[in-house]
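All of these numbers come straight from a predicted model, not from anything done at the bench. Atoms within a ligand are numbered from 1 in the order they appear, just like the ligands themselves. For this chain, numbers begin at 1 and follow the sequence in order.
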Amino acid sequence: MSNKKVGLSDTMKAKTEPKTFRRNPIIGTKFTIAISSAKGGVGKSTFASNLALALKKMDLNIGLLDADIYGPSLPKLFSINEKPESDGQKLKPILKYGIQCMSIGFLTEEQTPMIWRGPMVISAIKTFTQKVLWENLDFLIVDMPPGTGDTQLTFAQEINVDGVIIISTPQEIALQDVKRGIKMFDKLKVKIIGLVDNMCHFIGDDGKKYSIFGEGGVKKAAEEFNKEFLGEIPIYPNIGKYGDLGKPIVQSLPEDKASKIFINLAKKINEKYKI
Ligand code: ADP
């Protein structure tokens with residue numbers, strides 16, 4: 001019997017070693033874009049929902065999949081209380097603000113904790129990507145959970161993802177995790193479209209700029225890893241307010257300067273895929 005010790009790093013290596021993955025396409029969409037962040041609370045879901053709405057405003061067909069099994073936010077962000085119907089084989093997404101939406105939160109009670117182990121999460125992700133009746137989408141936007149866990153690995157290895165956008169705040173602690181995230185997607189050969197600096201600064205009533213979480217860190221991380229820096233989104237209280245009201249700012253106040261930032265980012269992303 002071999003007495004070679006298998007350390008955690010070996011296990012991790014085996015899990016993430018690049019090989020040729022057989023990635024299944026998601027039926028019903030032209031492109032799938034994952035919105036990822038290394039840490040929670042950096043504004044990933046806010047970005048995903050406003051980006052989806054901004055793309056919709058460009059007359060594209062958009063789906064929004066909330067893949068955060070442990071902390072779904074789409075029911076609250078889009079104020080959805082219905083349960084999806086099934087045609088006997090597939091779940092029908094819920095149409096809200098013109099967007100086809102799916103979330104584990106539509107199937108559970110609001111405060112039910114998801115005490116699931118990895119294999120159940122993986123199976124839920126497969127259901128959401130293979131057993132949902134996405135119809136004629138140009139883009140499916142996937143709001144990933146934070147970090148580099150089972151969901152990310154399942155998407156990176158088993159599902160055809162056309163690109164990932166990484167959201168971060170500029171704090172050092174968030175950036176460290178961002179670098180881990182970049183390395184994971186690079187290693188698994190999933191294209192990183194670029195990085196977005198969210199909550200980069202706040203402009204006070206005095207007109208002064210306050211860089212609450214530091215400055216320039218996300219751009220620097222992008223440069224370090226030779227990735228595109230897609231842009232920055234300041235802290236606007238209205239972004240938080242309208243997210244909490246269940247009608248994100250791009251839907252509530254499309255002419256607001258904050259909405260225009262999301263709309264410009266959406267244009268930039270759409271240009272890359274030329275729809
Ligand atoms: P994550 O999905 O990364 O956990 P959320 O999208 O839930 O983060 O955002 C965390 C909190 O920060 C929410 O209350 C959200 O409304 C708020 N928020 C996110 N981005 C901004 C922003 N640019 N300006 C103001 N508030 C924001």
Salt bridge flag under 4.0 Å for residues Asp87 and Lys92:
no

In the hydrophobic clustering (ILVMFWY, side-chain contacts below 4.5 Å, transitive), which residues join Met199, or is it alone?
Phe202, Tyr210, Ile212, Phe213, Ile235

For ligand 1, run through the N/O pairs with the protein that fall under 3.5 Å and put one pair on each line.
{"unit_1": "ligand 1", "atom_1": "2 (O)", "unit_2": "Lys44", "atom_2": "N", "d": "3.4"}
{"unit_1": "ligand 1", "atom_1": "2 (O)", "unit_2": "Lys44", "atom_2": "NZ", "d": "3.4"}
{"unit_1": "ligand 1", "atom_1": "2 (O)", "unit_2": "Ser45", "atom_2": "N", "d": "2.8"}
{"unit_1": "ligand 1", "atom_1": "2 (O)", "unit_2": "Ser45", "atom_2": "OG", "d": "2.9"}
{"unit_1": "ligand 1", "atom_1": "3 (O)", "unit_2": "Gly41", "atom_2": "N", "d": "3.3"}
{"unit_1": "ligand 1", "atom_1": "3 (O)", "unit_2": "Val42", "atom_2": "N", "d": "3.0"}
{"unit_1": "ligand 1", "atom_1": "3 (O)", "unit_2": "Gly43", "atom_2": "N", "d": "3.0"}
{"unit_1": "ligand 1", "atom_1": "3 (O)", "unit_2": "Lys44", "atom_2": "N", "d": "2.9"}
{"unit_1": "ligand 1", "atom_1": "4 (O)", "unit_2": "Gly41", "atom_2": "N", "d": "2.7"}
{"unit_1": "ligand 1", "atom_1": "6 (O)", "unit_2": "Ser45", "atom_2": "N", "d": "3.3"}
{"unit_1": "ligand 1", "atom_1": "6 (O)", "unit_2": "Thr46", "atom_2": "N", "d": "2.8"}
{"unit_1": "ligand 1", "atom_1": "6 (O)", "unit_2": "Thr46", "atom_2": "OG1", "d": "2.5"}
{"unit_1": "ligand 1", "atom_1": "8 (O)", "unit_2": "Gly43", "atom_2": "N", "d": "3.0"}
{"unit_1": "ligand 1", "atom_1": "20 (N)", "unit_2": "Asn198", "atom_2": "ND2", "d": "2.9"}
{"unit_1": "ligand 1", "atom_1": "23 (N)", "unit_2": "Asn198", "atom_2": "OD1", "d": "3.0"}
{"unit_1": "ligand 1", "atom_1": "23 (N)", "unit_2": "Pro234", "atom_2": "O", "d": "2.9"}
{"unit_1": "ligand 1", "atom_1": "24 (N)", "unit_2": "Tyr236", "atom_2": "N", "d": "3.1"}
{"unit_1": "ligand 1", "atom_1": "24 (N)", "unit_2": "Tyr236", "atom_2": "O", "d": "3.4"}

Sequence neighbours left out, cut at 3.5 Å: what donor-acceptor pairs do the side chains of residues 50-61 make with other protein atoms?
{"unit_1": "Asn50", "atom_1": "OD1", "unit_2": "Ile249", "atom_2": "N", "d": "3.4"}
{"unit_1": "Asn50", "atom_1": "OD1", "unit_2": "Val250", "atom_2": "N", "d": "3.1"}
{"unit_1": "Asn50", "atom_1": "ND2", "unit_2": "Thr46", "atom_2": "O", "d": "3.0"}
{"unit_1": "Asn61", "atom_1": "ND2", "unit_2": "Asn136", "atom_2": "O", "d": "3.1"}

Side-chain (Glu158) to main-chain (Phe155) donor-acceptor, under 3.5 angstrom:
no

Over 12 foreign heavy atoms within 6.0 Å of CD, Glu85
no

For residues 224-241, pull every pair meeting salt bridge (charged side-chain N to carboxylate O under 4.0 Å, His left out), keeping only residues two or more places apart or in separate chains.
Lys179-Glu224, Asp186-Lys227, Glu228-Lys272

